[in-house]
Amino acid sequence: MNIVFMGTPDFATPVLERLIAEHNVVSVYTKAPSQSGRGFELKKTPVHLIAEKNGIPVKTPTTLKDEVAQKEFATMGADAAVVAAYGLILPQAVIEAFKFGCLNVHASLLPRWRGAAPIQRAIEAGDETSGVTIMQIVSKLDAGKMYAKKAMPITNETTGGSLHDALAKIGADLMSDVLKNIHDIEPVAQDENLATYAKKLEKDEEKLDFNMSAAYLERKIRAFNPYPATYFEHQGERFKVLRAKVVEKTGKAGEILEGKNALIIACKEGALEVLEIQRQGKRAMATSELLRGFCFEQNTFVGA
RNA sequence: CGCGGGAUAGAGCAGCCCGGUAGCUCGUCAGGCUCAUAACCUGAAGGUCGUUGGUUCAAAUCCUUCUCCCGCAA
């Protein structure tokens with residue numbers, strides 16, 4: 001099958017690699033290289049790099065709304081477009097430009113968690129299951145008919161990173177299956193009454209608010225690991241928290257109950273023992289390692 | 001050239017501002033104590049202080065080259 005691929009971040013690369021292996025990827029669309037990272041170097045997207053490595057033409061339009069961009073699709077003779085975390089809105093004209101339409105890989109079991117950050121929101125909310133949905137793109141966000149779904153459990157060990165990687169692989173498999181059987185699958189509509197939205201992660205969410213319960217904060221820490229990661233501030237320094245567990249202790253919210261042999265911080269309900277931490281300028285390490293040479297003063301407060 | 005922090009024993013840190021014998025906590029090893037232990041006591045090994053050059057009687061410390069790591073920001 002001749003396919004146009006559209007995607008941007010790491011989540012999209014397993015899907016693209018699978019398509020390259022199994023189909024004829026005629027063109028790849030991704031976001032333009034942008035100044036990012038230390039030194040503001042111009043960085044190509046992960047999808048961009050994979051495409052280049054495989055000698056596939058890459059296009060990086062800033063919008064697909066103009067007619068020039070849309071006419072390109074007509075001349076490619078592609079049967080379908082596969083979209084994975086592309087980051088641009090597809091206008092109706094693009095959606096209709098392909099025989100099989102535009103197929104999207106979404107990292108949740110739709111209609112739950114439509115939107116930008118389904119992986120993190122599922123963990124944060126305490127869902128016991130996550131998964132991948134392959135659906136048809138329609139003008140309404142993540143609301144198209146579904147071809148296939150595959151679930152996977154969320155455990156106490158699941159982090160945003162681990163779930164992301166697992167779902168990306170599942171997504172690649174599932175998309176492969178759907179494309180193979182596209183003639184035989186009748187897509188089913190989503191139940192609009194069950195739809196929820198996963199709003200994108202905001203900067204101010206990264207700061208841990210110890211006025212929340214320990215159980216919630218623990219989930220959030222896992223959801224935000226490794227990116228964008230949560231943190232607290234203590235005596236002018238910022239400490240990223242990568243892993244923690246809930247412990248049965250009480251104190252005023254944000255109070256350091258133990259700072260020498262372990263780091264335990266009181267929350268509104270319960271307390272958190274920080275297990276993996278990253279001091280600014282340093283790499284992430286087990287809290288026990290940091291505490292060999294560093295000490296948090298007991299009974300001082302962190303956070304706000 | 002977006003802003004900033006860091007590199008010191010196997011690990012984590014202090015020392016640097018104000019140059020003058022290389023420190024702390026832990027780990028390792030040996031011995032001791034104990035019914036016993038991740039506990040306790042005694043002792044030991046382990047460092048060209050990331051790299052280059054300079055200043056100086058003297059550099060972990062001040063200036064400089066490069067490499068690597070990280071935070072912010074996007």
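Chain naming here is simple, since letters A, B, ... match the order of the sequence lines and numbering starts at 1 in each. Just the heavy atoms: all of them, side chains too, but no hydrogens, waters or symmetry mates, feed the values below. The structure presented is a predicted model; accordingly, all values stated were derived computationally and were not measured.
Under 4.0 angstrom from either OP1 or OP2 of B/G6 there lies no side-chain N or O belonging to A/Q280. Residue A/K282 places at least one side-chain N or O closer than 4.0 Å to OP1 or OP2 of B/C13.
Taking atom P on both nucleotides, B/G43 is separated from B/A58 by 37 Å, rounded to a whole Å. Only the P atoms considered, B/G15 is 10 Å distant from B/A7, to the nearest whole Å. Straight-line distance between the C1' atoms of B/G50 and B/A45: roughly 24 Å, to the nearest whole Å. Spacing of C1' atoms, B/G53 relative to B/U67, comes out at 15 Å, to the nearest Å. Nucleotides B/C72 and B/U55 are separated by 35 Å at their C1' atoms, to the nearest Å. With C1' as the reference atom, B/A60 and B/C49 are 5 Å apart, rounded to whole Å. When the P atom is used for both B/G47 and B/G32, the distance is 27 Å, rounded to whole Å. Atom name C1', nucleotides B/A11 and B/G46: the rounded distance is 13 Å, in whole Å.
As rounded to whole Å, 12 Å separates atom C1' of B/C72 from atom CD of A/E233. At whole-Å resolution of the value, NZ in A/K240 and P in B/C69 are 15 Å apart. We find that CZ of A/F239 is positioned 13 Å from C1' of B/G5, with the value rounded to whole Å. One can place CZ of A/F294 at 9 Å from P of B/C13, the figure rounded to the nearest angstrom. When the P atom of B/C26 is taken as reference, atom CE of A/M285 falls 18 Å away, rounded to whole Å. Atom pair A/F40:CZ and B/G2:P shows a separation of 7 Å (rounding to whole Å applied). Atom pair A/E289:CD and B/G12:C1' shows a separation of 7 Å (rounding to whole Å applied). Rounded to whole angstrom, the span from the CG atom of A/D204 across to the P atom of B/A73 amounts to 11 Å.
Nucleotide B/U65 has no partner under the Watson-Crick or G-U criteria, as no pair reaches both atom distances under 3.5 Å. When Watson-Crick and G-U wobble pairs are counted only if both distances are under 3.5 Å, B/C57 pairs with B/G20. In this structure, B/G71 forms a base pair with B/C3, meeting either the Watson-Crick or the G-U wobble geometry with both donor-acceptor distances under 3.5 Å. Using N1 to N3 plus N6-O4 or O6-N4 for Watson-Crick, or N1-O2 and O6-N3 for G-U wobble, each under 3.5 Å, B/U52 pairs with nothing. If you check B/A14 for Watson-Crick or wobble pairing at under 3.5 angstrom, you find it has no partner at all. Of all nucleotides present, none satisfies the Watson-Crick or G-U wobble test against B/G27 with each distance under 3.5 Å. In this structure B/U37 sits in no base pair that meets the Watson-Crick or G-U test at under 3.5 Å.
Inter-residue side-chain proximity for A/P91 and A/Q70 is flagged as met; some heavy-atom pair is nearer than 4.5 Å.
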Start with the C-alpha gap between A/Q190 and A/R114, add the side-chain angles, then the distance that decides, and say whether side-chain contact (heavy atoms from CB on, under 4.5 Å) holds.
CA-CA 11 Å; A/Q190 298 185 26; A/R114 292 175 178 174; 2.8 Å; yes

Is there a side-chain contact (heavy atoms from CB on, under 4.5 Å) between A/K240 and A/I277? Walk through the geometry before answering.
CA-CA 6 Å; A/K240 277 193 179 180; A/I277 196 165; over 6 Å; no

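A salt bridge does not link A/K245 with A/E218: none of the charged nitrogens is closer than 4.0 Å to a carboxylate oxygen. The pair A/R121-A/E205 meets the salt-bridge criterion, with a side-chain N (NZ, NE, NH1 or NH2) lying under 4.0 Å from an Asp/Glu carboxylate O.
Checked against a 6.0 Å centroid threshold, the rings of A/F296 and A/F239 count as neighbours.
In this structure a side-chain-to-backbone donor-acceptor pair under 3.5 Å is missing from A/K249 to A/I264.
When each of A/P228 and A/L290 is assigned the nucleotide of RNA chain B bearing its nearest heavy atom, the one mapping closer to the 5' terminus is A/L290. Checking A/R283 against A/R238, the closest nucleotide of RNA chain B that is more toward the 5' end is the one next to A/R283.
Of the candidates B/A14, B/G71, B/A73, the closest approach to any side-chain atom of A/R279 belongs to B/A14. Relative to the side chain of A/S36, the nucleotides B/G12, B/A73, B/A74 differ in distance, and B/A74 lies closest. Checked against B/A74, B/C13, B/G71, the side chain of A/Y227 finds its nearest nucleotide in B/A74. Listed candidates were B/C72, B/A11, B/C70. Nearest to the side chain of A/Q278 is B/C70.
At a threshold of 4.0 angstrom between heavy atoms, the contacts of A/R38 include nucleobase atoms, whether or not backbone atoms are also involved. Using a 4.0 Å heavy-atom criterion, one finds that A/K43 contacts no nucleic acid atom at all.
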